[in-house]
Amino acid sequence: MTDSEKLDLLLTKVQGMENEMQGIKDEMQGMKDEMQGMKKKIDKISLGQLEIKKEIIMLNRKISDTYDVALDALGTSTENRAWLEKGTLA
């Protein structure tokens, strides 16, 4: 094999390696793009979780308020019943 043929063979191999490296770079860029997309989705999920937590806090407050109103109504009705019973019996 002549020196020229050896150089041609080396050049062919180097070009093949360059092509493979470019393919790897392209795949890595694709993976990077996918990871960025996943990061955006995770960020949206995090924001959604915060919104859900806020809504849960609001619901807990409403439930507590409703419970307090129900207790007040029960107390008032008990007082009214006692007043009516005392008022009609007296």
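- To the nearest 0.5 angstrom, Q49 atom CD is 10.5 Å from I42 atom CD1.
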Could you pull out all donor-acceptor pairs under 3.5 Å where a side-chain atom in residues 65-74 meets a protein atom, sequence neighbours excluded?
from: T66; atom 1: OG1; to: K62; atom 2: O; distance (Å): 2.8

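- Once rounded to the nearest 0.5 Å, the distance linking OG of S46 with NZ of K41 reads 14.5 Å.
- We find the CG-NZ distance between L11 and K6 to be 16.0 Å, quoted to the nearest 0.5 Å.
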Indicate every side-chain donor-acceptor pair of residues 12-20 with a distance under 3.5 Å to a residue at least two apart or in another chain.
from: T12; atom 1: OG1; to: D8; atom 2: O; distance (Å): 2.8
from: N19; atom 1: ND2; to: Q15; atom 2: O; distance (Å): 3.4

If you look only at distance, which donor and acceptor atoms sit under 3.5 Å apart when one is on a side chain in residues 24-31 and the other is two or more places apart or in another chain?
from: D26; atom 1: OD1; to: Q22; atom 2: NE2; distance (Å): 3.0
from: Q29; atom 1: NE2; to: D33; atom 2: OD1; distance (Å): 3.1

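- Distance check, rounded to the nearest 0.5 Å: CD of E55 to CD1 of I57 gives 11.0 Å.
- For the atom pair CD1 (I45) and CG (L50), the distance works out to 12.5 Å, reported to the nearest 0.5 Å.
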